[in-house]
Each structure stands twice: as C-alpha cells, then as structure tokens.
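Order of the sequence lines fixes the chain letters, A, B, ..., with proteins taken first and strands second; residue numbering starts at 1 for each chain.
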Amino acid sequence: MLDDDPVSVARRLLGAVLRTGAVSARIVEVEAYGGPPGGPWPDEASHSYRGLRPRNSVMFGPPGRLYTYRSHGIHVCANVSCAADGVAGAVLLRAAIIESGHEAAGERRGPAVPAAGLARGPGNLCSALGITMDHNGTDLFDRRSPVTLELGEPGESVVSELLGPRVGVSRAADRAWRFWMPERPEVSAYRRSPRAPRPGCSD
DNA sequence: GGTAAGATCAGC
DNA sequence: CTGATCTTACCT
C-alpha cells in the first residue's frame with residue numbers, strides 16, 4: 001500500500017486521517033525523506049543516510065509503520081515509513097487539522113492555543129495527538145493499534161498540493177520534498193534552517 | 001569516555 | 001535570535 005517512493009507516498013498522505021484515541025486529524029503538510037547513498041533515494045538530510053541504526057530501524061522496515069524520534073531532546077516527531085521492507089524511506093508529518101477530539105488535544109497543548117495551531121509543526125502534532133516514543137514501530141494499518149491511519153480517496157489530495165523546500169534541515173534543504181495543502185492556516189510557516197548553507201549552494 | 005549537533009518550539 | 005534539554009553517533 002505504501003510500498004512506494006517517499007515523494008509519491010508524501011503526496012498520498014495529504015488528506016489522510018491520523019487517529020489516536022479520541023483525536024482524529026487530517027494531514028495537511030508533509031516532507032519526504034530518502035535513505036543512504038547507494039539506495040534508490042540518497043538523501044543527506046535523512047536520518048537513515050548513514051545506514052541502519054537502532055534509532056532509525058523503522059525507516060528500513062516494512063511500509064506503513066510509525067517512525068518516531070526525539071527532536072532536540074524535547075519534542076517527539078512522527079513519520080510514516082514507506083518503501084519495501086529493507087529499503088529506507090519515510091514521510092515526516094508536519095501539520096494537521098484536528099477534526100475531532102479538540103478537547104483532548106487542547107488539554108495536551110494548553111489553553112491559549114488556537115484551533116488552527118493545535119497540530120501545526122511536527123512536534124506540536126505529536127503533542128496534540130499524544131504520540132510518544134513508545135509508539136515507534138506501530139503498525140498504522142492494524143485496527144488494534146493505538147495510532148492508526150486512514151488514507152484519503154486516491155486523487156483527492158493529488159490536485160491540491162504545492163511544492164517547496166524542506167523546513168529546518170541543514171543539509172539538502174533545497175530539495176523540493178515538502179508538500180502541503182494550499183490556503184490552510186494549519187500549515188507551518190516556512191523557515192530555512194539557520195544552519196543551512198545559502199540557497200543554491202549545490203545539494 | 002567525551003562531546004557536538006540535531007527533520008523543534010516558544011519567548012524575547 | 002536564543003535557550004531549553006537529551007539522545008545518538010562519532011571520535012579518541
């Protein structure tokens with residue numbers, strides 16, 4: 001189902017619905033990540049670029065699993081693994097519309113957060129849905145899983161995305177592997193990493 | 001065993 | 001722009 005390249009899967013994940021307990025959220029912004037040199041999609045910015053490690057093993061496993069990692073020691077971010085078992089690839093979930101469970105999401109995010117900001121940004125998205133490092137490796141297509149994913153109708157999301165550079169990465173930042181739904185306030189504002197080299201400096 | 005950097009976020 | 005906060009990976 002998600003046994004495909006990261007860019008194709010990223011486009012397919014726009015409009016998909018992620019569920020945890022009472023909260024469901026429609027994905028509106030994603031980023032594709034490839035794998036090691038020598039693989040089908042070499043990607044310097046990917047956690048799997050330097051090969052299989054305990055932390056990134058889910059990226060190398062079967063498609064349709066949740067790959068979570070801790071960012072800057074503070075936040076949890078979530079990816080959906082893609083590509084065949086043994087091939088590294090994943091799609092980072094960057095922003096979503098909370099469609100139900102606003103109460104639970106709001107409790108996790110705090111009282112001052114407006115609805116459109118509940119799941120804006122990969123760290124906030126996981127916070128709003130209660131996704132933790134314990135969910136790493138979860139099969140998103142097993143109904144018994146605490147985190148599940150329901151894909152949108154094919155074609156529904158294909159028309160309505162634009163392309164843009166990935167956010168926050170310090171390497172290969174110019175690769176246009178970020179996708180989002182236009183005119184959505186939930187989409188995170190684009191910021192180039194302060195550590196990234198100037199635009200146009202090779203890739 | 002030491003250490004530097006990191007697919008982030010909120011607050012100045 | 002900066003600090004928070006901690007795990008991983010790579011170095012000696």
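Using the Watson-Crick or G-U wobble rule with both distances under 3.5 Å, C:dT5 pairs with nothing in any strand shown. Here B:dA7 sits opposite no nucleotide as a Watson-Crick or G-U wobble pair (both hydrogen-bonding atom distances under 3.5 Å).
Using a 4.0 Å cut-off, no side-chain N or O of A:Arg178 falls inside it from OP1 or OP2 of B:dA7. Taking 4.0 angstrom as the limit, A:Asn124 places a side-chain polar atom (N or O) nearer than this to OP1 or OP2 of B:dA10. Under 4.0 angstrom from either OP1 or OP2 of B:dA10 there lies at least one side-chain N or O belonging to A:Arg109. A sub-4.0 Å separation between OP1 or OP2 of B:dC9 and a side-chain N or O of A:His75 is absent.
Listed candidates were C:dT7, C:dA9, B:dA7. Nearest to the side chain of A:Arg70 is C:dT7. Nearest to the side chain of A:Arg50, among C:dC10, B:dA7, B:dC9, sits C:dC10. Of all nucleotides listed (B:dC9, B:dT8, B:dA7), B:dA7 comes nearest to the side chain of A:Tyr33. Residue A:Leu92 places its side chain closer to B:dA7 than to any other of B:dC9, C:dT5, B:dA7.
Of the possible donor and acceptor atoms, one in the side chain of A:Ser46 sits under 3.5 Å from a partner among the backbone N and O of A:Gly34.
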Any chance you could lay out the salt bridge (Lys or Arg N to Asp or Glu O under 4.0 Å) test for A:Arg144 and A:Asp139, step after step, and finish with the verdict? CA-CA 9 Å; A:Arg144 297 164 298 183; A:Asp139 182 351; over 6 Å; no
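Checking A:Ser8 against A:Asp5 by side-chain atom types alone, a donor-acceptor pair falls below 3.5 Å. Inspection of the A:Thr138 and A:Ser145 side chains reveals no N or O donor paired with an N or O acceptor under 3.5 Å.
Across all strands shown, A:Met133 has no heavy atoms under 4.0 Å from either base or sugar-phosphate atoms.
Considering A:Asn79, A:Val58, A:Asn136 in turn, A:Asn79 is the only one that fulfils the side-chain contact (heavy atoms from CB on, under 4.5 Å) rule with A:Tyr69.
Regarding A:Tyr49, its OH atom lies at a distance of 19 Å from the P atom of B:dA5, rounded to whole Å. Rounded to whole angstrom, the span from the CD atom of A:Glu44 across to the P atom of B:dG6 amounts to 12 Å. The distance from atom CH2 of A:Trp180 to atom C1' of B:dA7 is 16 Å, rounded to the nearest whole Å. One atom, CG of A:Asn56, and another, C1' of B:dG6, lie 14 Å apart when rounded to the nearest Å. Distance CD (A:Glu31) to C1' (B:dT8): 12 Å, rounded to an integer number of Å. Residue A:His47 contributes atom NE2, which lies 11 Å from atom C1' of B:dT8 at whole-angstrom precision. In this entry the distance linking OH of A:Tyr69 with C1' of C:dT5 reads 16 Å, nearest Å. In this entry the distance linking CG of A:Leu66 with P of B:dA7 reads 17 Å, nearest Å.
Both geometric conditions, a ring-centre gap below 5.5 Å and a plane tilt below 30°, are fulfilled for A:His72 over the base of B:dG6.
For the P atoms, the distance from B:dA5 to C:dT2 is 15 Å, rounded to whole Å.
For A:Tyr33 and A:His47, the gap between ring centers reaches or exceeds 6.0 Å.
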